[in-house]
Amino acid sequence: QVQLVESGGRLVQAGCSLRLSCAASGRSFSYNAMGWFRQAPGKEREFVAGIYWSGVSTYYADSVKGRFTISRDNTKNKLYMQMNSLKSEDTDAYSCSAAGTANYDTAPRSYNYWGQGTQVTVSS
């Protein structure tokens, strides 16, 4: 059974940092692009960051560029996202995902596997 399990979300104050982790099991995603998305209740899922299968290329939404950093460790089948200078508007449920291809995409439909999400709440 393929699973993606996120961790690291919690309540923090604005300006603080968090590191989200995503552990994959059931199969290797070493040759798949992976990404982080976020979603608030009643809103559409929003692309946050993507990373090429090898990790050499990354892409970010404008809203997080310069503050968030996505990375991966293919030896551990894990995905990470370092979130710095958090703002109240970063409050959302964050999910990791694995794409069907080696290159990342900003569209949720390009991702075949999803975690359940971890809640990040930033108080101002």
Side-chain angles (χ1 to χ4, degrees):
Q1 182 182 1
V2 177
Q3 279 191 312
L4 297 176
V5 180
E6 303 93 339
S7 62
R10 61 183 178 92
L11 172 65
V12 296
Q13 291 190 328
C16 290
S17 298
L18 277 179
R19 188 190 193 209
L20 302 185
S21 298
C22 173
S25 61
R27 59 158 285 183
S28 171
F29 290 104
S30 298
Y31 296 101
N32 297 77
M34 298 192 75
W36 287 98
F37 287 77
R38 63 188 183 187
Q39 187 173 23
K43 293 189 176 182
E44 290 188 358
R45 188 170 275 165
E46 176 189 8
F47 172 82
V48 178
I51 187 166
Y52 192 58
W53 72 272
S54 63
V56 297
S57 182
T58 57
Y59 184 75
Y60 300 91
D62 287 343
S63 57
V64 306
K65 200 172 295 182
R67 299 188 298 122
F68 291 10
T69 303
I70 187 172
S71 61
R72 64 191 298 167
D73 185 339
N74 287 342
T75 65
K76 297 180 179 179
N77 220 16
K78 284 192 172 182
L79 180 72
Y80 306 97
M81 186 160 69
Q82 179 67 38
M83 309 165 69
N84 298 331
S85 303
L86 283 162
K87 305 175 181 179
S88 58
E89 51 262 44
D90 294 320
T91 295
D92 265 323
Y94 286 74
S95 299
C96 69
S97 56
T101 63
N103 202 4
Y104 48 74
D105 195 331
T106 61
R109 65 176 179 272
S110 297
Y111 294 79
N112 299 331
Y113 299 97
W114 294 88
Q116 291 297 311
T118 184
Q119 180 66 37
V120 173
T121 303
V122 184
S123 64
S124 57

(request) Check the pair Q119, T91 against side-chain contact (heavy atoms from CB on, under 4.5 Å), reporting the backbone distance first and the verdict last. (result) CA-CA 8 Å; Q119 180 66 37; T91 295; 4.0 Å; yes

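- Smallest separation of non-hydrogen atoms from M81 and A49: SD-CB, 4.2 Å.
- F68 contributes atom CZ, which lies 8.5 Å from atom CG of L18 (distance to the nearest 0.5 angstrom).
- Between atom NZ of residue K87 and atom OG of residue S63 there is a gap of 8.5 Å, rounded to the nearest 0.5 Å.
- Contact between S21 and Y80 at its shortest, heavy atoms only, is OG-CD2, 3.4 Å.
- S97 places a side-chain N or O within donor-acceptor distance of the main-chain N or O of G35, the cut-off being under 3.5 Å.
- The closest donor-acceptor contact from the side chain of E6 to the backbone of G117 lies under 3.5 Å.
- Among all heavy-atom pairs drawn from G115 and S95, the shortest one is O-OG, 4.0 Å.
- Residues Y31, F47, Y52, W53, V56, Y59, Y104, Y111, W114 make up the rest of the hydrophobic cluster containing F37, defined by ILVMFWY side-chain heavy atoms closer than 4.5 Å, directly or through other members.
- Looking only at distances, a side-chain donor or acceptor of R67 sits under 3.5 Å from a matching main-chain atom of S85.
- Of the inter-residue distances, the one linking I51 atom CD1 with S57 atom OG reads 8.5 Å to the nearest 0.5 angstrom.
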(request) Begin from the C-alpha positions of L4 and M34 and carry the test side-chain contact (heavy atoms from CB on, under 4.5 Å) through to its verdict. (result) CA-CA 11 Å; L4 297 176; M34 298 192 75; 4.2 Å; yes

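- No side-chain donor from either of N103 and T101 sits under 3.5 Å from a side-chain acceptor of the other.
- Note that NZ of K65 and OG1 of T58 are 10.0 Å apart. Values are rounded to the nearest 0.5 Å.
- Note on residues 35-47: pairs passing salt bridge (charged side-chain N to carboxylate O under 4.0 Å, His left out), not counting sequence neighbours, are R38-E46, R38-D90, R38-D92.
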(request) Assess whether side-chain contact (heavy atoms from CB on, under 4.5 Å) is satisfied between L11 and S123, documenting all intermediate values. (result) CA-CA 7 Å; L11 172 65; S123 64; 4.3 Å; yes

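- Annotation for A14 and S124: closest pair CB-CA, 4.2 Å, computed over non-hydrogen atoms.
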(request) Begin from the C-alpha positions of V12 and T121 and carry the test side-chain contact (heavy atoms from CB on, under 4.5 Å) through to its verdict. (result) CA-CA 6 Å; V12 296; T121 303; over 6 Å; no

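- Taking the side chain as every heavy atom from C-beta outward, V5 and Q116 never approach each other to under 4.5 Å.
- Among residue pairs with one or both ends in residues 11-21, none qualify as salt bridge (charged side-chain N to carboxylate O under 4.0 Å, His left out); sequence neighbours excluded.
- Under a 3.5 Å cut-off, the side chain of D73 and the backbone N or O of K78 do not form any donor-acceptor pair.
- The side-chain heavy atoms of Y113 and Q3, taken from C-beta on, include no pair separated by under 4.5 Å.
- Between atom OG of residue S25 and atom CG of residue N77 there is a gap of 8.0 Å, rounded to the nearest 0.5 Å.
- When L79, V48, T118 are each tested for a side chain to side chain contact (heavy atoms under 4.5 Å, CB included) with C96, only one passes: L79.
- In this structure, S17 and N84 approach most closely via the heavy-atom pair OG-OD1, 2.9 Å.
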